Each structure stands twice: as structure tokens, then as C-alpha cells.
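First the proteins, then the strands, lettered A, B, ... as listed; each starts at 1. Keep in mind that this is a model prediction, so the values were computed, not measured.
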2 protein chains.
Amino acid sequence: MDESQVIDALGALAQETRLRILRFLVTKGSDGASAGEIGEAVDAASSRASFHLSTLANAGLVTAERKSRHIIYRVNFDAMGSMIGYLINDCCGNHQDVIACCPTPDKC
Amino acid sequence: MDESQVIDALGALAQETRLRILRFLVTKGSDGASAGEIGEAVDAASSRASFHLSTLANAGLVTAERKSRHIIYRVNFDAMGSMIGYLINDCCGNHQDVIACCPTPDKC
DNA sequence: CTATTATTTCAATAATACTTGAAACGTTGA
DNA sequence: TCAACGTTTCAAGTATTATTGAAATAATAG
């Protein structure tokens, strides 16, 4: 993941509705959720949800798959991991205070 | 670190000049660097560098300390760690594909 | 084929953010 | 105190992004 991809991904997450969408999709795991369900969950009109979902999809953070009338969105955990990995490795040079937060939910 | 703080931090990093500034400051470690040195390093006019530095400082990602005529900026590694920890823990629920990227520079 | 449901696209408006250069501020040395 | 230096603040113009509701597309059931 290069610099401009990371900027796209960070920008995609730096917005209340989209961060909520991502968190909601995380709870759905591999089942994913449709745009309508997502919009309801984050209290957004369908056109707004669609707009933000396409921003997230363009940044590679979610995937979209049509299932009959619905389009199922899922978190792309790989992309999230790549983005976070860039922050930890390339950006912060694996600084101790940064990696200390990794798999320890209590501190972070 | 709560949701709105994370959004501020993500938004602060989602910009080319500011991401470069942060990466430059990481290489400087605890020595830090002055606004002028930073502006030169990232090829930005001093007023632009100052503007972006205050955005980063407001988000808590850098600290500022006056040393005679200069103001020395440093990365706040703790804040970076908190932000990344939020992404890994609260946001991604410690999903395996995400934490896989943690301290392994080769993958991320 | 038509009606229905789910979703996206579009245009207009509003809000936010970036850049630039000039002016103002704070600190230090003479 | 004055002049010089480093830094920040400000205002104006430009660009990007968010929101809304309406219209358009896509898929399916009857």
C-alpha cells in the first residue's frame, strides 16, 4: 500500500458516518450487510449511505457483491490491515510506544 | 481515545503534506525539528507548514515546545499508538487479518 | 411486460479545507 | 531600545467534500 492509497483510506475513515458504517460492518463479519440495512443502522438516508459506501469501496476498505436485489457490503480486513501496517511500519518505524498498542485492548 | 478524537487524528493524517511532516518527524525522533526545518523538508512555505503543524497538534499527534527562537515539534508516539489501537481493537475487533499486520514489516 | 423493491446517480446547495502572501507576534543579540 | 529572525495569524480566493431530494438504473416476482 503506497502513500496515496493510505491517504485515501485515512480520508475515507475520517468521517463520522463512514467510521460508523465500518464499525457496523465489522460486527457483521463475513455475512456483510445490504446498503439499506447499513443506512438504517447508522441513521442515514439511502442516498447518503450509498455515497459513503462508494467512498469506502473506492478506498478499498469495503467490498460490494450483488445478491439478487441487494448489494452486500463487507469490510475488507486485508485492506484495513495494510493501512494499519503502513502506519505502524512505514510511518512510525515500529516505535515501541506505537506497537505497544497492538493486540492489547486494555491500553487502546 | 473516543470516536471524535480518532476522526480528528485520521483527518489530520489524510493529507499529503501532513503525512509527510509526520514521517519526517518520526525520523527525527525525540530531537524533533523546528517549523522552518520541517517546511524545507516537505517543500512547503512556512505559513503552510505552520498551518499543517497546528492541525497535527490540535489532533494531538505532535507536540510543540519553544526553544529560544525556535519551536520544536515532535511526534506524539503515544497518540499515534492510541489511534492505531482504536482501529485495531474498537474498530476491527482484533480481527486476525488486521492484527496479522502488526509488528511484521514485510507484510505491511 | 408491468409493478415493486433496492440501490445508485445527479444537480443544487451548504459547509469545510487548502493555498498564498502579507501583516503581526514573540524572542534574542547588539 | 532597536533590528533581525523564526513563527504564527489573518483574509481572500480556490477547491474539495457533505447533504438533500428527485430521477434513473437493476433485478425480481407476478
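- Here D:dA27 presents its P atom at 13 Å from CD of A:Glu65, a figure rounded to the nearest Å.
- Here B:Cys91 contributes atom SG and B:Leu10 contributes atom CG; the two are 8.5 Å apart, rounded to the nearest 0.5 Å.
- Contact annotation for A:Ser46: base contact, defined as any heavy-atom pair under 4.0 Å involving a base atom.
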Checklist entry - Should B:Glu37 and B:Lys28 be marked as a salt bridge (Lys or Arg N to Asp or Glu O under 4.0 Å) after you check the CA-CA gap, both sets of side-chain angles, and the distance that decides it? => result CA-CA 11 Å; B:Glu37 185 182 354; B:Lys28 290 291 177 172; 2.9 Å; yes
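- Residue B:Asp2 places its CG atom among more than 12 non-hydrogen atoms of other residues, nucleotides or ligands, all under 6.0 Å distant.
- Straight-line distance from the CZ atom of B:Arg69 to the C1' atom of D:dG6: 8 Å, rounded to whole Å.
- B:Leu61 pairs in a side-chain contact (heavy atoms from CB on, under 4.5 Å) with only one of the listed residues (B:Leu13, B:Asp78, B:Thr55, B:Leu25), which is B:Leu13.
- Closest to the B:Ser68 side chain, of the nucleotides C:dT28, D:dT8, C:dT7, is C:dT28.
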Pairs: protein N or O with nucleotides 18-20 of chain C N or O, under 3.5 Å:
unit_1	atom_1	unit_2	atom_2	d
C:dC18	OP1	B:Arg18	NH1	3.3
C:dC18	OP1	B:Arg18	NH2	2.9
C:dT19	OP2	B:His52	NE2	2.7
C:dT20	OP2	B:Arg48	NE	3.1
C:dT20	OP2	B:Arg48	NH2	3.4

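- Atom P of nucleotide D:dT19 and atom CG of A:Leu53 are separated by 13 Å, given to the nearest angstrom.
- Atom-to-atom, CD of A:Glu40 to C1' of C:dT7 comes out at 14 Å; the value is rounded to the nearest Å.
- Using a 4.0 Å cut-off, some side-chain N or O of A:Ser34 falls inside it from OP1 or OP2 of C:dT7.
- Atom-to-atom distance recorded for A:Arg20:CZ and B:Ile7:CD1 is 8.0 Å, nearest 0.5 angstrom.
- Atom-to-atom distance recorded for B:Ile99:CD1 and A:Ile84:CD1 is 10.5 Å, nearest 0.5 angstrom.
- Atom CD1 of B:Ile72 and atom C1' of D:dG6 are 11 Å apart (whole Å).
- Following rounding to the nearest Å, A:Glu16 (CD) and C:dA15 (C1') show an atom-to-atom distance of 15 Å.
- Atoms CG and OG, from A:Leu53 and A:Ser34 in turn, are 9.5 Å apart once rounded to the nearest 0.5 Å.
- Spacing between atom NE2 of B:His70 and atom C1' of C:dT27 amounts to 10 Å, rounded to whole angstrom units.
- In this structure, A:Lys67 places its NZ atom 14 Å from P of C:dT7, rounding to the nearest Å.
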